[in-house]
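The structure appears right after this line, and notes come after that.
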Amino acid sequence: MLKQPLYKQISSVALGNKVDSKLYKPEGLPCRGDPSKVQPIPIPNFWGEILDKEGLLNSEVDVEAIEKIKEFTCELIEQKTNHLRIIFKFTSQNSYFSNLELQVDTKFDLEKNERTREIKEEIKYKKARDEKSIFTMLFDSKTDFQETCNFATELYQDYSNAIFFYFSQEEQGLEGEEDEEEDED
């Protein structure tokens, strides 16, 4: 739970958004240029790559919408109730839905002894509902309640490991190329 702010900052930088200039210039270390003017270079389709590698993109709808992510947050709000909050913010509409922001909270209600789901705003479809889409599973109240909760938990776990998986896959690809070069010699 303590690493969540770091995950959010890494996600923000990977999407090309500015973060606090102190992160670019740690105290006591030299820094070239003015860190308050540094604009991160986005990693193309960062979240698309990660979610695809984790097997979470099940639909063409997902691929198109993920490419328009401006911000993506997946937080554990309270560990005791497994309260998860998932937020997607988009740069523009896509051909599947018109929402520019989607948010869902799932948690275990201790008083009622049951899981709950709160969708901030229902997904506004432009096309027919695609049951395989991660956006339908998370942000459509017609989706089976337990399916939403299970998917939210899976997404949180994958989000929490996203940076490690992204960069370890890159390294494995590079190591594989080096091994092939050695074999050729």
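Numbering of residues begins at 1 and proceeds along the displayed sequence. This one's a predicted model, so the numbers in the text were calculated from it and none came from an experiment.
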In the single-linkage hydrophobic clustering (I, L, V, M, F, W, Y; side-chain heavy atoms under 4.5 Å), do Ile43 and Leu57 co-cluster?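 Yes; tracing contacts between hydrophobic side chains, which count when under 4.5 Å, links both residues.
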Is Phe151 reachable from Phe108 through a run of I, L, V, M, F, W or Y residues, each pair having side-chain heavy atoms under 4.5 Å apart?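 Per the 4.5 Å side-chain linkage, Phe108 and Phe151 are not co-clustered.
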Kindly indicate whether the side chain of [X], heavy atoms from C-beta on, has any atom under 4.5 Å from the side chain of [Y].
| X | Y | value |
| --- | --- | --- |
| Glu78 | Thr81 | yes |
| Leu155 | Ile134 | no |
| Leu84 | Asn82 | yes |
| Phe72 | Ile86 | yes |

Ile41 atom CD1: more than 12 heavy-atom contacts under 6.0 Å: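 It does not: Ile41 CD1 has 12 such atoms or fewer within range.
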Would you find more than 12 non-hydrogen atoms of other residues, nucleotides or ligands less than 6.0 Å from Gln93 atom CD?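 Yes.
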Does the side chain of Thr116 come under 3.5 Å of the side chain of Asp109 through a donor N or O and an acceptor N or O?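 Thr116 vs Asp109: no donor-acceptor pair found between side chains.
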[X]: which residues meet the salt bridge (charged side-chain N to carboxylate O under 4.0 Å, His left out) condition with it, sequence neighbours left out?
| X | value |
| --- | --- |
| Lys124 | Glu121 |
| Arg115 | none |
| Asp105 | Arg85 |

Under 3.5 Å, side chain of [X] to main-chain N/O of [Y], donor-acceptor pair present?
| X | Y | result |
| --- | --- | --- |
| Thr143 | Thr136 | yes |
| Glu122 | Ser141 | yes |
| Asp62 | Asn58 | yes |

For [X], check side-chain hydrogen bond (donor to acceptor under 3.5 Å, both in side chains) against everything at least two apart and list the hits.
| X | value |
| --- | --- |
| Glu154 | none |
| Lys80 | none |
| Glu64 | Ser95 |
| Lys132 | none |

Return each pair, listed once, that meets salt bridge (charged side-chain N to carboxylate O under 4.0 Å, His left out) where at least one residue sits in residues 136-152; pairs must be two or more places apart or across chains.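 Qualifying pairs: Arg129-Asp140.
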Closest approach of Leu100 and Ser92, non-hydrogen atoms and distance?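 Closest heavy-atom pair between Leu100 and Ser92: CD2-C, 3.5 Å.
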Closest heavy-atom contact between Cys74 and Tyr156?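 The answer is SG-CA, 3.4 Å.
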Out of curiosity, [X] [atom1] to [Y] [atom2], how far, rounded to the nearest 0.5 Å?
| X | Y | atom1 | atom2 | value |
| --- | --- | --- | --- | --- |
| Met137 | Glu131 | CE | CD | 10.0 Å |
| Lys53 | Leu56 | NZ | CG | 13.5 Å |
| Lys107 | Leu76 | NZ | CG | 12.5 Å |

Can you list everything that forms a side chain to side chain contact (heavy atoms under 4.5 Å, CB included) with Lys70? Sequence neighbours excluded, please.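 With neighbours one apart ignored, the set is Lys89, Thr91.
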If the condition is side chain to side chain contact (heavy atoms under 4.5 Å, CB included), which residues does Thr73 pass it with, not counting sequence neighbours?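 Thr73 satisfies side chain to side chain contact (heavy atoms under 4.5 Å, CB included) with Lys8, Glu71, Glu75, Ile87 once adjacent residues are dropped.
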Derivation of the side chain to side chain donor-acceptor pair (under 3.5 Å) call for Thr148 and Arg117: CA-CA 8 Å; Thr148 298; Arg117 164 181 64 189; 2.8 Å; yes
If the condition is ring pair (Phe, Tyr, Trp, His ring centres under 6.0 Å), which residues does Phe135 pass it with, not counting sequence neighbours?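 Applying ring pair (Phe, Tyr, Trp, His ring centres under 6.0 Å) to Phe135 gives Phe88, Phe90, Phe97.
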